[in-house]
Each structure stands twice: as C-alpha cells, then as structure tokens.
Amino acid sequence: MDPRLEAYLDRLQAAGADPARLARLRHEAVDGGCDHGPLDPWSAVFTPGVDVLRGVAGIYDQADLSWIQALSVENGSYSVRIKSLDDLMERDKRREKDGFPRKIRIGKLVKPGRGGREKVVVVPTTVEEKFVHDPNFREQAEGGGSGGSGEGEEGEVIGEQPVRPQPGEGDGAGPGQGEGSDHEMESNAYDLGKILTEQFSLPNLQNKGKKRSLTRYNYDLTDRHRGFGQLLDKKATLKQIIRTNLALGRMKPDEEPDATGFLVAPQDKIYRILSREKDFESQALVFFLRDYSGSMSGKPTEMVVSQHVMIYSWILYQYGGQVESRFVLHDTEAKEVPDFYTYYNSRVAGGTRVAAAFRLVNEIVAKENLARDYNIYVFHGTDGDDWDSEGKEMLPELEKMMGYASRVGVTIAQNNHGSGDETEVQKYLEKSGLLKEKPHLLRMDVMGEDANEGRIIEGIKHLIGE
Amino acid sequence: MELIDQHAKAIMEGCKERARDAGLCFQDETLEYIVTNRDLLELSPKVMIPTMYDYWVHDVEVLKGKGRYELYPSNPFETVVNTRPAISYYNDNNPDWLNVMIFYHVLGHIDFFQNNLYFRHTWDDDFTGQALADKRVIARLRSEHGRWVDYVIEFARSLDNLVDFHGLLSDLHRPRRDGVSTRVDYYFDVFLQERKKVRINDYVKEIERYNVCLRTGGAEGEEIFFGEVNARYPEFAALFEKGDREPRRHTRDVLQFLLDHSPFLANEENRWMQDVLQVVRETSLYFQPQIRTKIMNEGWASYWHETLFMQDDRIKGHEVDFARVNSAVTAMPRVGLNPYALGMRLFYFIEEGADKGRYSLDFDFLRDADQRREFDRHTGNGRNFIFAVRENYNDFLFVNTFVEQDFIDRNKLFVADKVMDEQRMVWRWYVKSRRADDYKAMIRESLYHPPHITVDVDKTGEDTLYLVHHFEGMPLVGEFIQNTMLGLEFLWGGKVTLETTEVKSVKKPDVKQPSLPGMAPDPEPEPEITWQRVRYVMKDRKLGKGVV
C-alpha cells in the first residue's frame, strides 16, 4: 500500500473512526492498490500461457452465409435503413398519444477510441417483448455455460475472454470502428442530445451571460452612417444640423434658435445602416469528475459514465456546439485527463478523497480565468464513499465552486457492498444544508445499483432541471 | 439480386446428380441467386425472405440480450430458404471449387427441409409466394388502417412463440384409425385423462380391461367394455355426445385461441386484424422447425458437403483449399458451440455405431467395457440409419438420444463455464465437466424452448382471458411481461390474467475471492432459490400483480 495512504488511515484510526468503515477503507486501498491503467479490452490483463478467447459462440450464432461464404454486412448505420431519426421519433411520439408506451431506446452510447477519436453513437434500438424464459434469473454471472473441446482436466482454466467486447466484433452495432473524424462524433453526440431533449422532455437551460464567440455573425441596424442608409436617425441628424449651423454662425448660442434659417447639407443626415455584428453566444464548459477509486468497480462506474455521456451530449445540443469539456479523475489525488477515452477507460483503484477533485477544478478555473468566459457546469460521479467522512475538506471547496459555477451536479451511484443506508457524501452534503439553500446551484442524485437507462435520464433531469 | 450464371448452374446440376446417387432426395427445381452486400442489407432484417412483409422493427436494430431464445434466427444469414423451389444465395466471387462445396451443403439443407418430418407443414407451400401474398395483404391494410396495422403486428408478434407447433405436427401425423371408434378415443384420451384425471396405474388397468373385452367378447367386445363404463360413469355418454361435437379448443395456441374466441377481433370493424394475426402465426409456424433443427440441419449439410466433395471428380487440385475452408467451418471450437461441427460429428458417430450394430438390444445388455469397445456386427446399415435419423428427429431428440460418453470422449468434449475476474476484467473459462449427461444438459439449456403457456378455458370467460404458465424451472423475463400483456389485452379486448412463477428470494452463497491465475476456480455454490406463484392482471392498460 502507498505509505501516504497508510499514514492517512492511521490518522483516521487515531481520530477514532468507525472500525467497520476503517476496515472497508483498508480493503479498498489494498485491494485496488494497483495503478489506474486503462481498463478496456485492448489491455485486459491475461494470464500468460492461457488461451485468449475472442468470442464464444452459441448454437444459433452461426449461419451459412457468414460462416461458410464469409459474407458479412457492415451493419450499416440505422440511417441506411430508415428514412430518418426524426421519423422514428415521430412514430414513437405517436405511440404515446395512442396510449402505448414508447418503444425506441437509445442503444450504444460510447465507442471509445484512442487519440480523441471517441464517438458517441446513437443507435436506435428496440426489443420485441414476448413471454420468454429468463436464463439469468439467478443473479449470478450472466450467460452461463457453453461447450468446449480439447485437452484439459476438469476444473482447469483453459481460456480467458475479455469482459468487454473487442472493437469490430461481438455486438457490432452502429457505424464501424473506422477512422471517424471528430466531426462525426460531435454530430452523433448532437443527435443523442436531440433525442434526449425530445424524447425525455429535458428542461431547457437558460442562456446565462453571453460571452464572446468568434464564429457567428448577426446583421443589425447598429452602425451610423452620414449621407445614406436604411433608416434616418432623427435625433442624431438634428444634433449634426445644429453642430453644422453653429460652426457656420447661423445659430448663436445665446439666442433663441431660428430653424428656418438653418442650412441642411446632405452630409448632415445620419442614417442607421445594416452592418455585420459578432454574435455573442453563450459558451459552456463542463467539468466531468469521476471517482475511480477501488470501490467504484463495476456497475457504479458504468452508470456514472453513461450518465456523463448523456449529459455531455445533451449540453452539446443545448448550446449548439459551443460546449467544451474537461475531464477529471480522482481517487485520493485528482488529475485532469485529456480525452473521454482515458476518462472512460481508466481502471478503478485506490482510495477516495472527493475534495481533491473539487480543489483541482477550482484551481483550473482560477488559473485559466475560465469563470469570465464560460458557463461552468460541474458533474461529479461517485459511489458516495469518501475517506473524508465529514466533508471537512470537501465542503469549503464546494462552496468556492458554487461561487462561479452555473450548476454542480453530484451523482451517487450506490454500491452493493455499502452498508445500504446513506453514503458519506450524501450525508455531509445534506448536513451542510447547501442542497436546500441553493437548489439552483447544487443538485444531488442518488441511484441504486439496478438503475436502468430511464432512471439515469430521470437523474439527469433532476441534475440539470430548473 | 440476379440468378447465377449458366456455368455455375451447370456445376450445381452436376452436384445434384451426384447427391441423388448418394441417396439424397429433393425436388428438381432450385433457384440460385447472387447477392451483394447491398442485397444483404435488405434481406437480413427480413430473415433472407425477400417477400417478407414490411414492418418498421425490421429497420431498427433489435436488442437480443435479454431473452436468449428468440424465434427468428439471431443470425439471419442463412443460405437456403425452405420454399418451393428452394432458393439459395451465393457470394459473387466464389471460385468454382468453393461453389461445389457450398452447393453440396445447400443440397444437404434442401434434402433436410424436404424430408425431415418436423417440416411436414411446409412441404405443400411455396412460402415465398405465400409471404408475397401476405405482404400485399399487410400493405393493403396499412393503406386503410395506417399505423394501427403496425400495432397489431407488434402485438401479434409478441405472442408468436405460443403457436403450438407440436399440436400442428400431431394433427398432420395422426395415425390411421385401425378400427378404433371415436368413443374409445374420447374415453381414453379425453375423458380419463382430462376429466377424471385417473392415475396411470388405473389408466393402464383400464386399457388392459379393454383388451380383455375385445379378446373375449369378439365383435361385441366394445359394447361389453362400455357397458361397465356407463355403469361406473353415468355421465360419460352425455359428455361424449357433447365432446364429440364440440370443436377442439386450441388452448396451447394462444394466437389461434384469440382468432377463434376473442370478442374484440370478432367485431365487424376489427375483422381485418384477424388477417394480420393469421399472417404472423403462419410465419412463425414456418420458422419453428428451422430453429428446432439447427444442429441437425447444419450437421447433415456439413456431413454431405464433406462426403460428396471428397468424391467429386471435378475439383481435382483443390483438395487443400477445401481442407482449409472445411476445417474452419467444421472445427470444434475450444470454447463455444458450433452446430456444424457438433452435428456432423454426431452423424458420423451414429453412422459408425449403426454400422457396428450398436443401436441394438444386444449392445445395450453388454456391460463389459472391452466387449462394448470390440462390439461389431458389420451390419452395413449405417447410411440407412442416419437417413432415418434425419427424417424423424429434431435437435433435442438428436442430442438427447445419441450423445453418449463414447462420443464425448472421442471428441474430447466438455462443458465449459466461466467466472469473472473483476480486477483484470476477464472471464476465466474452465472445464466444468466431461460427463455426457452434463454435456447433454448444457445443450438442452441452450436450445430454443419457448415457455409452456396455455389458456385455462375454465377460468376464461366473458370478462377475462386466463393464461397459465407451466413452470419448468425458469421464470419469464420480468420486464417483458408488461408490454406483452398490454398487447394481449388489446387483442382480447378485455382483462387478461397470467399465472406464472417467480423468484421470491435468492439466498446468495458467500462470494469467494477469485482464485490465483491458472488455478482451478472454486465451483460456485448454487444459490438457494425460493419460488412463488404469482398472478399478473392487465386491465385498462395497467398491470397489477398478486401472489396466488
């Protein structure tokens, strides 16, 4: 274990922390003591000498065309088959009016790729509900056994298979893994945002403080021009006439002016003229903070990440592309990572100190003077564990953050191995009273481990709602 | 989509001759098409049937994760369509030798489609033609009723795995009456079993008494027999009169039951929905045998493409190419199931066993392992035997009857299972068992098997449709129940009840740490599950649930 963690735990012990909790923390620190290497199929850790299995097929997975003739169909994006996403959404809306539940779901959300080529892919999917047997009712490892052949004693491990499917195999949906441009990702995320907004009636964010943008222009009658133009500015023209006549001596400052004797030159007429103006669009900067401590393994991480993808996509849509995002990961230390790929794939390990992440964000914002130019949103995902159980370090940082942020959303994806009742983060946030005091600035959403897509979206509504 | 050229067609015809000489049996006419990727894009959502009716869900990706058993082939890229004439699809640039192999494979499938008795109901129809007519019906209805057609398709499809395929087969394969009166049939098949629910012991005794009456009484035997029956069950004669006239109610075939008895569908303005239901039902019945014979069908086709290709004189010089492709297709995977490989090996095994006369009483009586190994009667009957197997079996019977320990040992098969190593994010697969019984159980688990749901006629009446799920150790997928019943309520036009069994509680065993890499993982102890019978009620599009 990291000696610093060790020392920290000792301090906690000396301060008389709950022994059960201490044991859990110690377990977390030891168990997840490895580093945060990227966690993904490309580098799932295999045991040397054991076969790596790429896919395990069932009886009905193979058919002649693909198996013998090696014919394959690029699964084709949905857009090849259906007229447009809008049609589909329209149809789905119709269903609701007809009294049947909606049927379109948003399929795959993320296809992480290296080097910033990450994609948020919208694949509308659906299920055909029937009465069918549920083979996974035991709540055990999903799937179940399969067949095999070859050498090996009973009980011997004969192969390892990455938990996440490989790129380009398995449930290959949506556009292929090819070289996608950044634009592709943006537009897809934009689509997702649009669906989220339309399908789930997410609230619209208000446009806060218009900031500088160099990309868009507007045309308006703002400039003045002498001699010709679109609209005569009477007040300005009158002033100009007076100025001219004063200079010509046709009007004496001390006497009552006699307008009949004024000379009016064409150059004195002042017009408003149509001119190009820079448009000041609001910009958004979103900080995504993720707890990647050891306790986050499995479902909590998945939930936090997919919620963050949706928030990201939705804000992208809402701000018409004027959104920037920064990613921060933390265990007991926080660090900023360059892209969503790293954010998504970093393996969980180590202990938890939420304050570190918030402090880092505050530092970044102060250093780069971001508060002036951006609407700043901060979304933090955690399982609610925090070694700083009173929030002594965390709360001051949070208050500082709320000084500039438009919204701080904290997602707590509860973990099974937690005690079941309120988590530390939840406790101290509620105790601080900030949630009640400034509900427009701070929101918290607590999800159970079994939350589904609908629940996650409900969570978003709460986090960014008015 | 265009037909293959004359050159390739000539090769195909040559293959047909050789296949016929080897004993395969199929119709003369076949259609072979070249398909491009673009064609596939359109064909695959329609399960390779170009004339399939249009339905928007075909255009959207359908998630398959939850229900492992789906009626429609999860991988729709089948080469051969079971229709008259049979249609098959080919890649544009297959070399001749590969086409020879594929043609044999296709002929294997066609032979299977046209001889296996589970396909009996598809023998008399041109399914693509039928589908085209259906497609037109649906298109016409859509022009009249708009989106409501899609709702009805959706609701009908949500029940299309409850169509009593075996009931249909049993009607088709009804044995001839050999002088047995309908009264005897009614007494033994319906009255004793369904009305009186007599114990097997008594049932057998009753049959015995019937036989004795016939033997001793001669022509009067039946009268003598029923004389006593009437004395014992005075109500029998009246019930027989009534039961004989009453048409059989399709209680296992929910779609047909709706067609026959739904008050909603009987309404004049809803009549058109019956057409839709009929189309969906027929389509489902068409696919049923295909998904229930996947291992046999692919095994049979692989057996024949291998056998016939090796004998074909036209492909000299391509043995190595063939060996390469063939081994890829029919290799047993290290982990996973390959129906081609499994079915083919089993056919070889059965043929060899039948050649040696092992499917006999003599062999069954042998207990000595050496003697069993040496057993060989040189019957030369292997080929005929596998032809009979391909005619009469389906996947379940095939695997259950013929997979035995010798087969497992010879092919080094085992049941594999996996445990998750969360730290390293890998599944670790290990050899779970090499016992034939376990292997059979594993296959059985992965075969298509829709839940056994029937209509309870006594509880079904004016106000409700009452379905009973006969529990077979596995609950239904909970999250599908709501929408399935919603559709059912729509089609029935009133309250719908479903009785099923659910998990009440699971006592999880202590979770153990994953064992060291390379070491055998500890077998996970089975969790203790308590079951409870529950009743779902769908009324006014609201789902309620109560414990029975």
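All values derive from a computational prediction rather than experimental measurement. So that the names make sense, note that chain A is the first sequence line, chain B the second, and so on, each numbered from 1.
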Original post:
Which answer fits B:Phe490, side chain, backbone, both or neither, if we ask what part of it has an atom under 4.5 Å from a heavy atom of chain A?
Top reply: side chain

Original post:
Can you tell me how far NZ of B:Lys432 sits from CG of B:Asp438, rounded to the nearest 0.5 angstrom?
Top reply: 8.0 Å

Subject >> Segment of B:Arg334 engaging chain A (4.5 angstrom heavy-atom cut-off) >> reply: both

Original post:
For B:Phe471, is it the side chain, the backbone, both or neither that has a heavy atom under 4.5 Å from a heavy atom of chain A?
Top reply: neither

Original post:
Between B:Asp160 and B:Ser284, is any side-chain donor less than 3.5 angstrom from a side-chain acceptor?
Top reply: no

Original post:
Between the side chains of A:Asp64 and B:Tyr340, does any donor sit under 3.5 Å from an acceptor?
Top reply: yes

**OP:** Please look at B:Ala328 and chain A and tell me whether the side chain, the backbone, both or neither of the residue comes under 4.5 angstrom of a heavy atom of that chain.
**Re:** backbone

Original post:
Tell me, side chain or backbone of B:Met442 under 4.5 Å from chain A's heavy atoms, or both, or neither?
Top reply: side chain

**OP:** Identify which of B:Val325, B:Thr500, B:Ile443, B:Ile102 forms the greatest number of heavy-atom pairs closer than 4.5 Å to chain A.
**Re:** B:Ile102

Subject >> Max heavy-atom pair count under 4.5 Å with chain A, selected residue of B:Leu413, B:Leu476, B:Asp150, B:Val106 >> reply: B:Leu476

Subject >> Leading residue by heavy atom contact count with chain A [cutoff under 4.5 Å; candidates B:Leu488, B:Asn338, B:Val415] >> reply: B:Asn338

Original post:
A:Gly147, A:Gly152, A:Gly159, A:Gly99: which one forms the most heavy-atom pairs within less than 4.5 Å of chain B?
Top reply: A:Gly147

Original post:
Among B:His305, B:Glu298, B:Gln290, whose side-chain hydrogen bond (donor to acceptor under 3.5 Å, both in side chains) with B:His109 holds?
Top reply: B:Glu298

Original post:
Which residue out of B:Val35, B:Ile408, B:Val329 racks up the most heavy-atom pairs below 4.5 Å with chain A?
Top reply: B:Val329

**OP:** Give the member of B:Gly478, B:Pro475, B:Pro339 that has the highest number of heavy-atom pairs under 4.5 Å with chain A.
**Re:** B:Pro475

**OP:** Examine whether an atom of B:Pro333 lies under 4.5 Å from a heavy atom of chain A, and if so say whether it belongs to the side chain, the backbone or both; otherwise answer neither.
**Re:** backbone

Original post:
Of the listed residues (B:Asn411, B:Thr484, B:Leu159, B:Val80), which shares the most heavy-atom pairs with chain A below a 4.5 Å separation?
Top reply: B:Thr484

Subject >> Heavy-atom contact with chain B under 4.5 Å, split by part of A:Glu153 >> reply: backbone

Original post:
With only heavy atoms counted, which part of B:Glu472 is less than 4.5 Å from chain A, the side chain, the backbone, both or neither?
Top reply: side chain

**OP:** Could you tell me whether A:Glu154 and B:Arg435 make a salt bridge, using a distance below 4.0 angstrom between a side-chain N and a carboxylate O?
**Re:** no

Original post:
Closest heavy-atom contact between B:Trp148 and A:Phe100?
Top reply: CZ3-CE1, 3.8 Å

Original post:
Checking B:Leu162 against chain A: side chain, backbone, both or neither under 4.5 Å from a heavy atom?
Top reply: side chain

Original post:
Where on B:Leu498 is there a heavy atom nearer than 4.5 Å to chain A: the side chain, the backbone, both, or neither?
Top reply: side chain

